[in-house]
Number of protein chains: 2
Amino acid sequence: MVTVHDVARVAGVSISTVSRALATPEKVADATRDRVQAAARELGYRPNRAAAVLRAGRSGAYGLVVPDLANPYFAAVAKGAQERARERGAGLFIVDTDEDPDLEAEAIGALAPQTDGVVLCSPRAPARALDALGGRPVVLINHDVDGVPAVEADHRGGMRRALEHLRALGHHRIAYVGGPEASWSDRRRRAGLADASARYDDVEIVALGAFRPQVEGGQAAADLVVASGATAVITFNDLVAVGLVDRLRARGLDVPDDLSVVGCDDSYVASLVTPPLTTLHVDLRRLGRLAVDRLVATVPGRGAGTGAGVAPDVPVLDVELVVRASTAPPAADRPEGAL
Amino acid sequence: MVTVHDVARVAGVSISTVSRALATPEKVADATRDRVQAAARELGYRPNRAAAVLRAGRSGAYGLVVPDLANPYFAAVAKGAQERARERGAGLFIVDTDEDPDLEAEAIGALAPQTDGVVLCSPRAPARALDALGGRPVVLINHDVDGVPAVEADHRGGMRRALEHLRALGHHRIAYVGGPEASWSDRRRRAGLADASARYDDVEIVALGAFRPQVEGGQAAADLVVASGATAVITFNDLVAVGLVDRLRARGLDVPDDLSVVGCDDSYVASLVTPPLTTLHVDLRRLGRLAVDRLVATVPGRGAGTGAGVAPDVPVLDVELVVRASTAPPAADRPEGAL
DNA sequence: GTGAAAGCGCTAACAC
DNA sequence: GTGTTAGCGCTTTCAC
């Protein structure tokens, strides 16, 4: 293993100069810096992270906690976060908690001490999670706690867009198939929907809920939706929409002819299924990237530059409506044989 | 921060006894062990990983390199690997290389020195990857290099099953839509297909190829498949199958009426799309878990127990055919109106 | 601008 | 069975 000593010997300087030339090049004479960097490159020197961590107290690695990596939503966020961490030369531990609050707390307890900070994506037990962190730097994705830095998507705006789209098509009774009880996103969506519907006295919302955020959740919800008399439905996420469509089909109902369906997230399954889903698009990769940026800015040691502390505002990513084939005017509005 | 010194003071022993009581309890008197463990618990002691790493040269963390986390195949493998690493009390760095061989080599170079070993899943530039590892412990998933430990799926057997299924339905001209040039899985599948077809003189394989392992790859392949005169097609993975079906539909062709389609991997999209895909199932999570187990067995320090070294054989996971709605007898074989 | 030296917290010889 | 001690490779004062 090549150490600072080897580099120092080759470059003809002391080990402290090597350390400086590599970590803070501006504090070293140009000629020295070049010599050291050349030697390091030549020898294939790679700083030993463990030693640096031990000494400096910073690990250069972050954590990301997600409920389920197999969910395309979290996979996309993880991908973005990982990408950004790599660009910044940091490592990223990704932990999948399997939607289990106990595992979540445990994982955070294990992760926190060996990272410089953690991104918590859609925590299932936020209070315990923050507790397990013991005051270490953290950024929340899709959650909201007093003074904790966060990054979120504009769920309310998204819901308004979905509702206005359906209303424009002529729907007046719209069901919402909600996600997990503990989901903050779900609460925001319900609130957004309530707000938006309050602006139009010709639209009524039927909120259903607490369904699993997977295909099965949608299957379970379908019959309730049909019974509700709604002509259109908005679902917690795309997977739920897929399950819903599946069950409707099995009952001989057509989407969008008998019922219009709007998904959420625009994960790539939305465009894969039949019919392709009208859905709310969020740039999930960007969400992950932003969270890492924000986390890095929060961590004391390397405060990205300005050292101005962390801006207290929460970046909110736009949520856009993507119209595909799963929404159409309600059957009653259509002239025989049209669209 | 609570250190061994604090625990030692409270327990009334020396720091080395603390270290032993925690790491190798059997080498310490029962009473002492209890006292130390009680003190540690009471103080909320958490060993500083960085220090342990620095001293012991083992990091307790592994790496997993995948081409694309957003691909459900790799997401499932990652999930399994992560799960297993956690069960073993180890960390797992997951790195996504975006299908880029340069990034792959770079990521491995950065990962290797700070982990105890790396799992390489479907490496895109295996030679460079192994080179970048510099002889560190490694386990390959879906690849094959002389003496390097690996875990793989029985692609050949899978291909045989797919072919026999299609042949039993009455197909005699079968196309294969291949994946990336550099893909080892692709080569194995081609070989398996060639072997299997050699056993039946009434089956002919039309191998097409080098398509991207995503939906677009399938879309790009569709017209070639149609032109090939095949009545059935096997694709590199499920996403390719989805793209293929999509493009066939756009051309007014029906699956399975005009063409039967078999996917590969049984990622969850296979059951989501219309028609649900007949596909080859592999237990991807298990693949990830097995790879971690194997890696742990390879690493010298903690050699899971027996110390017998690593078994040289490569565990091969079964590949099973899952029949769904995308395969049927060829149109010519069907009586008017049947099935 | 550069070097000498002191540890960060832990483990593993080595004595006892 | 337990304590003493010497570092692991690095960063960071503190002198010069």
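Just so it is clear, the structure is predicted and the values come from calculations on it, not from any experiment. In the text below, chain A, chain B and the rest are named by the order of the sequence lines, each starting its count at 1.
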**Q** Residues two or more places apart in sequence or in another chain: which of them pass ring-ring contact (aromatic ring centres under 6.0 Å, His included) with B/Tyr73?
**A**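 Listed in chain order: nothing, the list is empty.
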**Q** Determine, for B/Asp116 against B/Arg88, whether the closest basic-nitrogen to carboxylate-oxygen distance falls under 4.0 angstrom.
**A**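 Salt bridge between B/Asp116 and B/Arg88, a charged N being under 4.0 Å from a carboxylate O: no.
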**Q** Among residues two or more places apart or on two chains, list those pairs meeting salt bridge (charged side-chain N to carboxylate O under 4.0 Å, His left out) that have a residue in residues 102-114 of chain B.
**A**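 Qualifying pairs, neighbours excluded: B/Asp102-B/Arg128.
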**Q** Using a 4.0 Å heavy-atom cut-off, does A/Ser19 contact any base of the nucleic acid, only the sugar-phosphate backbone, or nothing at all?
**A**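 Touches a base.
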**Q** Given that B/Leu54 and A/Glu26 both sit by DNA chain C, which one's nearest nucleotide is further toward the 5' end?
**A**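 The 5'-side residue here is A/Glu26.
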**Q** Between B/Val7 and B/Thr3, does a side-chain contact (heavy atoms from CB on, under 4.5 Å) hold up when you go through it step by step?
**A** CA-CA 7 Å; B/Val7 179; B/Thr3 75; over 6 Å; no
**Q** Under a 4.0 Å N-O cut-off, is there an ion pair linking A/Arg84 with A/Asp293?
**A**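 A salt bridge is present here (some side-chain N lies under 4.0 Å from a carboxylate O).
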**Q** How close do B/Pro67 and B/Thr97 get, counting heavy atoms only, and between which atoms?
**A**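 Minimum heavy-atom separation between B/Pro67 and B/Thr97: CA-OG1, 3.5 Å.
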**Q** List the steps and the verdict of side-chain contact (heavy atoms from CB on, under 4.5 Å) for B/Lys79 and B/Gln82.
**A** CA-CA 5 Å; B/Lys79 204 170 154 108; B/Gln82 197 272 326; 5.7 Å; no
**Q** What N/O pairs connect the protein and nucleotides 2-6 of chain D at under 3.5 Å? Give each pair on its own line.
**A**
residue, atom, partner, partner atom, Å
D/dT2, OP1, B/Thr32, OG1, 2.4
D/dT2, OP2, B/Ala29, N, 2.8
D/dT2, OP2, B/Thr32, OG1, 3.4
D/dG3, OP2, B/Ser14, N, 2.9
D/dG3, OP2, B/Ser14, OG, 3.1
D/dG3, OP2, B/Thr17, OG1, 2.5
D/dG3, N7, B/Ser16, OG, 3.3
D/dG3, N7, B/Arg20, NH2, 2.8
D/dG3, O6, B/Arg20, NH1, 3.2
D/dT4, O4, B/Ser16, OG, 3.0

**Q** Quick check: do A/Val65 and A/Leu111 have side-chain heavy atoms less than 4.5 Å from each other?
**A**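 Sidechains of A/Leu111 and A/Val65: in contact.
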**Q** Apply side-chain contact (heavy atoms from CB on, under 4.5 Å) to residues B/Val77 and B/Arg285 and explain how you reach the verdict.
**A** CA-CA 5 Å; B/Val77 172; B/Arg285 244 161 111 155; over 6 Å; no
**Q** Output the residues of residues 45-53 of chain A in contact with DNA chain C, where contact means a heavy atom of the residue under 4.0 Å from an atom of the strand; sort by number or write none.
**A**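 Those residues: none at all.
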**Q** Is A/Glu26 salt-bridged to A/Arg33, cutoff N-O under 4.0 Å?
**A**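 So A/Glu26 does not pair with A/Arg33 through a salt bridge.
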**Q** Could you tell me from which nucleotide to which nucleotide of DNA chain C, 5' to 3', there is an atom under 4.0 Å from chain B heavy atoms?
**A**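 Contacts span C/dG9 to C/dA13, reading 5' to 3'.
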**Q** Hey, are B/Glu152 and B/Arg188 close enough for a salt bridge, meaning a charged N less than 4.0 Å from a carboxylate O?
**A**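 Answer for the salt bridge query: yes.
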**Q** Considering the terminal five base pairs at each end of the helix from C/dG1-D/dC16 to C/dC16-D/dG1, what angle separates the two local helix axes, rounded to 10°?
**A**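 Nearest ten degrees gives 30° for this helix.
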**Q** I'd like to know whether B/Thr115 forms a side-chain contact (heavy atoms from CB on, under 4.5 Å) with B/Phe93, so could you lay out the CA-CA distance, the side-chain angles of the two residues, the decisive distance to 0.1 Å, and finally the verdict.
**A** CA-CA 8 Å; B/Thr115 55; B/Phe93 281 107; 3.9 Å; yes
**Q** Do the non-hydrogen side-chain atoms of B/Tyr62 and B/Val118 ever get within less than 4.5 Å of each other?
**A**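 Side-chain contact under 4.5 Å: no.
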